[in-house]
**Q** 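Below is the structure I would like to discuss, written out as structure tokens.
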Amino acid sequence: MKTRVKGLFLLAILCFAPRIVLAASTCNNADKAELNKMAYNVTANYEIVDIYDGQMEDFESSTTPTTIDNYVRGLRINILNITEDIYVKVTSKNDDTVKTYNYSDTENGIVSFETKDVEELNTYTIEVYSNKASCKDELQRTLTLQTPMFNFYSQLEICEGKQDYYYCQEFIPTERVTATYFYQDIENYEKEQEEKKNEENNKNFIDKLKEFYENNKLIIYSVGIVIVVAGVATTVILVKKKRSRRVL
């Protein structure tokens, strides 16, 4: 009896419980192919830019301080080729922020945002989703953009005129090195540059000699022939004189 009551109770629950239906995706192959093409057209890049950072007092331009606009170096992130049928979610590794951009947020399919957070390397993960009704919110593609960090060593006086030296570049895509390593490495760099300069000077000297020879071959040959002839004539005369003395 108890078993029968339990069975009826379970049957009642099943009958009156709300039914959950999982809607299947209506995204057909043609839509998938079109969205896939759009997703793989999405690209991302970055630019080094000056970003407005409020106002500050300028004590250098005159005896009376004036207020001027202050700018700091930062990055502008650009995401290209967004269409009305797709949207993107952008996640920053450094602060875990997630931003969503639709076509309406773009300018001709390009969305840009600036960041002053450049003290460390960063990676942006860009997820491309469908905005098409038949494939709504389905993930189409994931791409990443790695951005460099600001290199404060580039602001040191020792880096003036050495922008081709790696650790004197304003932004670098690798981790920061210690001050000890930096000063040792830049000293080695300066020695190498000096050696290259000396080699270049020697090479230039040899090249100039070759150039002089090519431009004056005829004169050099003529002078050489004259010297040889004169030398031979002198030798002949001296030999004759010696023979004359022996005869006497």
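These numbers were taken from a predicted model, which means no experiment stands behind them.
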**Q** Measure across Asn78 and Ser112 and return the closest heavy-atom pair with its distance rounded to 0.1 Å.
**A** OD1-OG, 2.6 Å
**Q** Using modelled atom types and a 3.5 Å cut-off, is there a donor and acceptor pairing between side-chain atoms of Asp95 and backbone atoms of Thr97?
**A** yes
**Q** Go through the side-chain N and O atoms of Tyr87 and Asp137 and say whether any donor and acceptor fall under 3.5 Å apart.
**A** yes
**Q** Whether the side chain of Thr43 engages the backbone of Leu80 through a donor-acceptor N/O pair (distance < 3.5 Å, no angle test) should be reported.
**A** no
**Q** Are Glu138 and Lys132 close enough for a salt bridge, meaning some N to O gap below 4.0 Å?
**A** no
**Q** Keeping Tyr153 on the side-chain end and Ala179 on the backbone end, is there a donor-acceptor pair under 3.5 Å?
**A** yes
**Q** Does Arg141 come within less than 4.0 Å of Glu127, counting only side-chain N to carboxylate O?
**A** no
**Q** Answer yes or no: are there more than 12 heavy-atom neighbours, outside Gln155 itself, under 6.0 Å from its atom CD?
**A** yes
**Q** Just checking, Arg73 and Phe171: is the charged tip under 6.0 Å from the six-membered ring centre and within 45° of the axis?
**A** no
**Q** Distance to the ring centre below 6.0 angstrom and angle to the axis at most 45 degrees; does that hold for Lys99 and Phe113?
**A** yes
**Q** If you take all heavy atoms of Cys168 and Asn151, which pair is closest and at what distance?
**A** N-ND2, 4.0 Å
**Q** Is the Tyr71 to Tyr52 ring centre distance short of 6.0 Å?
**A** yes
**Q** Compute both the distance and the angle, then confirm whether Lys89 meets the cation-pi test with Tyr129: under 6.0 Å from the six-membered ring centre, within 45 degrees of the axis.
**A** yes
**Q** Side chains of Tyr166 and Thr174: donor-acceptor distance under 3.5 Å anywhere?
**A** yes
**Q** Counting heavy atoms not belonging to Glu107, are there more than 12 under 6.0 Å from its CD?
**A** no
